[in-house]
Amino acid sequence: MSLKIKWLMASMIFLSFQFSKAQQSKQIEEQKLDGADSTAFKTVIAGLSFSAKIAQGTRQLVIPKPIAGYELSLYGSSRKPVIDLKGKIYQPLVDCEVQLVFKLKNTQNNKAYEFQQAVMVAGQFRPQTGINKQPFVIPSLQEWNGGNGHFKLLPNSRIIISAGAEKLLTPAAMIFLQELKLLTGYTTISIAKGKAKAGDIVLGIDVTQKNLGNEGYSIAIDQTIHVRAPYYKGAFWATRTILQLLEQDPSHHQIVKGKAHDYPKYEVRGLVLDVGRKFFTLDFLKHYVKMMAYYKMGDFHIHLNDNGFKQFFEGDWNKTYSAFRLESSTYPELTARDGHYTKAEFKELQLKAQLYGIRIIPEIDVPAHSLAFTKAFPEIGSKAYGMDHLDINNPKTYEIIDNVFKEYIGGKDPVFVDPEVHIGTDEYSKKEAESFRAFTDHYIRFVKGFGKKVRLWGALTHAQGNTPVTAEGVTMNAWYNGYAEPKEMVRLGYDQISTPDGSLYIVPAAGYYYDFLNVKRLYQTWEPNQIGNVTFLMGHPKIRGGMFAVWNDHVGNGITMKDVHQRVFPAMQVLAEKMWVGKTAQSDWNNFAKNSINIGEGPGLNMRGVVPSADADSLVLKNELLAKSSKSIQLPLKEIGYPYSVAFSLKPAIGSNVDVTLFNSENARVFLSKADSLRLGFSRENYTDIFDFAFEQDKTYKIVITGNEKGTWLYVDGKLVQKMEGKKLSFANTKDKISRMQTLIFPLSEVGDTKNAAHGLVSGLKVYNKRLNEILIANLN
């Protein structure tokens with residue numbers, strides 16, 4: 001590169017720096033207020049007159065005019081489908097309160113003050129007695145006016161797509177059809193054309209309802225069900241509502257009549273899943289797309305690379321676990337060998353997710369959490385801060401990371417499908433604040449250069465400095481206010497996704513943050529306008545929504561995909577509610593907790609292994625296993641999840657030296673180990689645990705294995721012989737320990753396997769969907 005070109009580039013960078021810095025200063029100046037400013041604004045506001053209730057037929061909000069020298073504008077709305085940001089009013093079904101955010105600006109000094117005003121908008125229908133109450137779904141319906149009686153789905157019911165909407169809505173109708181068949185058992189339900197008749201469900205697009213937004217829909221339930229939405233996603237969400245209503249009916253074919261308008265309070269509602277430190281199969285991710293869609297949780301943020309903690313790997317970065325989960329053609333050595341997604345299958349996942357209304361937000365995390373990159377390219381690792389940090393002052397770092405991002409966002413048909421891409425950027429040493437800010441700004445601009453918008457982790461309060469960082473088109477996950485003070489970030493122009501670590505971080509079995517979220521407290525006290533100890537005005541336009549997160553910090557701690565799901569599911573239910581409707585006058589924890597148990601993961605999904613029982617004794621399966629077979633014996637259950645008890649008789653025999661499978665499923669295996677003595681063991685994913693108790697051959701034992709999310713217990717002849725629970729792993733170079741979980745979702749697809757039949761070894765099988773106490777276990781014997 002010539003000196004002249006270098007000088008021109010430096011000049012352009014300098015001018016860009018000065019311009020951005022000036023813009024940034026102006027943004028801050030508009031928001032910074034002293035006591036006198038606040039008093040002056042409050043005085044002006046006191047002189048304004050607002051209507052507390054908006055009557056039927058009113059189409060436009062009247063904004064009062066302030067005194068000379070001030071301008072008042074509508075800035076935010078908690079229900080934009082009822083009052084949009086232009087002040088246009090759309091009559092709701094029933095009376096509803098809208099929280100409006102106004103901005104009062106001093107035209108002399110450009111300072112501004114935001115304040116809240118609540119208004120009640122009159123609905124189309126008045127409260128009546130004798131009509132159907134609002135039915136329970138998760139998340140709750142925003143507006144409901146009940147009818148009388150029930151809609152009944154029939155064996156020959158049809159899904160009708162309205163004329164003109166066939167091309168757009170056929171994918172939604174096909175998904176809906178398959179799920180209706182799974183849920184109801186009505187195999188003759190079909191997709192058809194023509195006039196709807198009783199029992200049919202009509203899906204349509206209605207452009208006159210654009211006020212409902214990208215995700216909103218209306219639904220009229222009578223002899224037929226009519227769904228209308230302005231866009232695909234809203235129509236698809238309506239099918240989730242119908243499925244949940246049918247699921248809660250004992251016969252799965254009846255829904256109360258009524259009308260609903262439904263739409264989210266917050267645009268972003270989602271989950272962050274760390275697949276970098278723990279691999280999750282593609283099937284698991286596909287199942288999560290379906291489950292998240294069932295709860296209208298629209299954003300699935302996949303954290304694609306990360307690493308373990310050095311102290312748990314002999315203090316040696318070379319031995320410390322790390323992984324980058326995508327296939328890389330540019331740098332094949334980067335791709336994790338113990339589990340990754342090909343570019344083709346990751347893209348297919350994103351495209352399928354779109355049909356389910358889900359956005360996959362891929363994250364490549366740099367410049368910290370980056371050991372996977374420095375193992376492949378040691379020359380870009382930081383000598384000062386550790387090899388999990390990129391050397392952000394090294395031009396080679398930029399070259400390599402540019403190429404990594406380009407591989408997935410470049411070209412006409414990029415691997416990353418969604419308009420938004422997450423670039424990481426957190427927890428770097430504050431000593432390098434200016435370099436970190438320059439690095440962050442570079443990748444914001446780089447990713448935006450490919451037509452994408454950017455998400456990142458909030459870090460700019462921690463990394464304070466003078467180097468400007470682009471804010472336009474950038475959204476922050478606000479995770480810790482010490483790293484990014486939310487109000488300061490809003491002043492700088494960044495949109496916020498509330499992801500507070502102190503409330504919404506699950507770190508399985510780590511002993512810090514949460515093993516299971518406090519869902520009751522979250523239901524009663526939280527919604528996305530709260531970020532840590534900062535609460536924004538309801539309806540503030542810079543708060544896009546919220547996300548909760550699963551971080552698998554402790555690599556190799558025995559936590560399985562099933563265990564992660566056990567933690568996610570109850571949080572998914574509660575946070576879907578909080579992110580769609582927030583807190584309302586109808587919010588009641590006891591009612592929610594009672595009714596939510598009747599809604600599962602979606603048709604065809606049962607990752608928790610829930611097996612209901614019809615009897616009070618909780619017995620869900622009984623099989624004497626007397627049939628002689630040289631092959632495995634198939635059982636009617638796939639598995640049973642927490643809590644459970646599995647009782648059987650065991651007569652061990654040595655035979656060959658090969659371990660014998662006793663119980664098996666696609667997810668786990670219980671076996672008789674013959675390594676040095678006869679012992680029971682179990683395997684799931686890459687973990688194997690063997691009980692200490694040694695059996696004698698050709699002697700019959702009464703066995704009970706019980707399990708929950710904490711561990712697995714073995715009873716022999718009515719006595720507890722071992723608790724696999726509370727195990728800790730110690731390390732030579734640190735006082736820190738990690739839990740080693742020994743949990744098991746019990747496999748029940750088959751007894752034995754095709755090579756080693758278990759006939760004669762196992763008999764008298766009883767399975768319970770609760771953890772039996774010691775008295776009940778003793779009585780079994």
### Query
Checking side chain to side chain contact (heavy atoms under 4.5 Å, CB included) against Glu639, which of Met607, Lys562, Arg608 comes through?
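Of Met607, Lys562, Arg608, side chain to side chain contact (heavy atoms under 4.5 Å, CB included) with Glu639 is met by Lys562 alone.
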Specify the closest pair of heavy atoms between [X] and [Y], including all atoms of both residues, with the distance to one decimal.
| X | Y | value |
| --- | --- | --- |
| Ile745 | Ala668 | O-CB, 3.9 Å |
| Gln350 | Ile360 | CG-CB, 3.7 Å |
| Val519 | Pro570 | CG1-O, 3.8 Å |
| Met572 | Leu271 | CE-CD2, 4.3 Å |
| Lys278 | Phe280 | O-CD1, 3.2 Å |
| Ser649 | Thr700 | CB-CG2, 4.3 Å |

Do [X] and [Y] have side-chain heavy atoms sitting under 4.5 Å apart?
| X | Y | answer |
| --- | --- | --- |
| Leu304 | Glu363 | no |
| Lys699 | Pro652 | no |
| Leu720 | Trp713 | yes |
| Arg684 | Leu744 | yes |
| Leu637 | Ser749 | no |
| Leu635 | Val751 | yes |
| Phe346 | Ile302 | yes |
| Leu246 | Leu153 | yes |

### Message
What verdict does the salt bridge (Lys or Arg N to Asp or Glu O under 4.0 Å) test give for Glu348 and Lys286, after you've listed the backbone C-alpha separation in whole Å, the side-chain angles of each residue and the deciding distance to 0.1 Å?
### Response
CA-CA 10 Å; Glu348 188 270 336; Lys286 289 178 179 178; 3.8 Å; yes
### Message
As a quick check of understanding, evaluate salt bridge (Lys or Arg N to Asp or Glu O under 4.0 Å) for Glu666 and Lys638, giving each step before the final call.
### Response
CA-CA 8 Å; Glu666 65 182 20; Lys638 175 182 175 181; 2.9 Å; yes
Donor-acceptor pair, distance only, cut-off 3.5 Å: does the side chain of [X] make one with the backbone of [Y]?
| X | Y | result |
| --- | --- | --- |
| Gln244 | Ile138 | yes |
| Arg337 | Thr335 | yes |
| His252 | Glu247 | yes |
| Thr184 | Tyr186 | yes |
| Ser645 | Leu772 | yes |

To the nearest 0.5 Å, tell me how far [X] [atom1] sits from [Y] [atom2].
| X | Y | atom1 | atom2 | answer |
| --- | --- | --- | --- | --- |
| Leu522 | Glu577 | CG | CD | 12.5 Å |
| Leu180 | Thr187 | CG | OG1 | 12.5 Å |
| Leu169 | Ile160 | CG | CD1 | 13.0 Å |
| Leu349 | Gln354 | CG | CD | 10.5 Å |
| Asn773 | Asn779 | CG | CG | 8.5 Å |
| Leu776 | Ser618 | CG | OG | 9.5 Å |

Just checking, any donor-acceptor pair under 3.5 angstrom between side chains of [X] and [Y]?
| X | Y | answer |
| --- | --- | --- |
| His565 | Glu601 | yes |
| Asp563 | Tyr642 | yes |
| Lys728 | Ser739 | yes |
| Thr688 | Ser683 | yes |
| Ser613 | Asp615 | no |
| Lys723 | Thr712 | no |
| Asp689 | Gln742 | yes |
| Asn708 | Arg771 | yes |

Would you check if the distance from the ring center of [X] to the ring center of [Y] is below 6.0 Å?
| X | Y | value |
| --- | --- | --- |
| Tyr514 | Tyr505 | no |
| Phe312 | Tyr321 | no |
| Tyr768 | Tyr644 | no |
| Tyr341 | Phe279 | yes |
| Phe671 | Phe682 | no |

How about [X]: does its [atom1] atom have over 12 heavy atoms from other parts shown lying under 6.0 Å from it?
| X | atom1 | value |
| --- | --- | --- |
| Asn686 | CG | no |
| Leu351 | CG | yes |
| Lys343 | NZ | yes |
| Lys347 | NZ | yes |
| Lys181 | NZ | yes |

### Task
Would you please test Arg277 and Asp553 for salt bridge (Lys or Arg N to Asp or Glu O under 4.0 Å) and show each step?
CA-CA 7 Å; Arg277 285 175 284 206; Asp553 289 11; 3.2 Å; yes
### Task
Could you check Lys319 against Glu314 for salt bridge (Lys or Arg N to Asp or Glu O under 4.0 Å), going step by step and ending with a plain yes or no?
CA-CA 7 Å; Lys319 295 179 180 179; Glu314 301 177 28; 2.6 Å; yes
Is any side-chain N of the basic residue among [X] and [Y] closer than 4.0 Å to the acidic one's carboxylate O?
| X | Y | result |
| --- | --- | --- |
| Asp200 | Arg158 | yes |
| Glu179 | Arg240 | yes |
| Asp515 | Arg567 | yes |
| Glu750 | Arg669 | no |

### Query
For Asp249 and Ser251, what are the C-alpha separation, side-chain angles and deciding distance, and is it a side-chain hydrogen bond (donor to acceptor under 3.5 Å, both in side chains)?
CA-CA 5 Å; Asp249 176 58; Ser251 62; 2.6 Å; yes
### Task
Please name the residue in the list Asp338, Asp274, Asp306 that meets the salt bridge (charged side-chain N to carboxylate O under 4.0 Å, His left out) test with Arg325.
Asp338
### Residue that, paired with Tyr356, satisfies ring pair (Phe, Tyr, Trp, His ring centres under 6.0 Å) out of Phe176, Phe300, Tyr295, Phe236
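For Tyr356, the ring pair (Phe, Tyr, Trp, His ring centres under 6.0 Å) check succeeds only for Phe236.
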#### Entry: Within 45° cone and under 6.0 Å: Lys578 NZ/CZ vs Tyr523 ring
yes
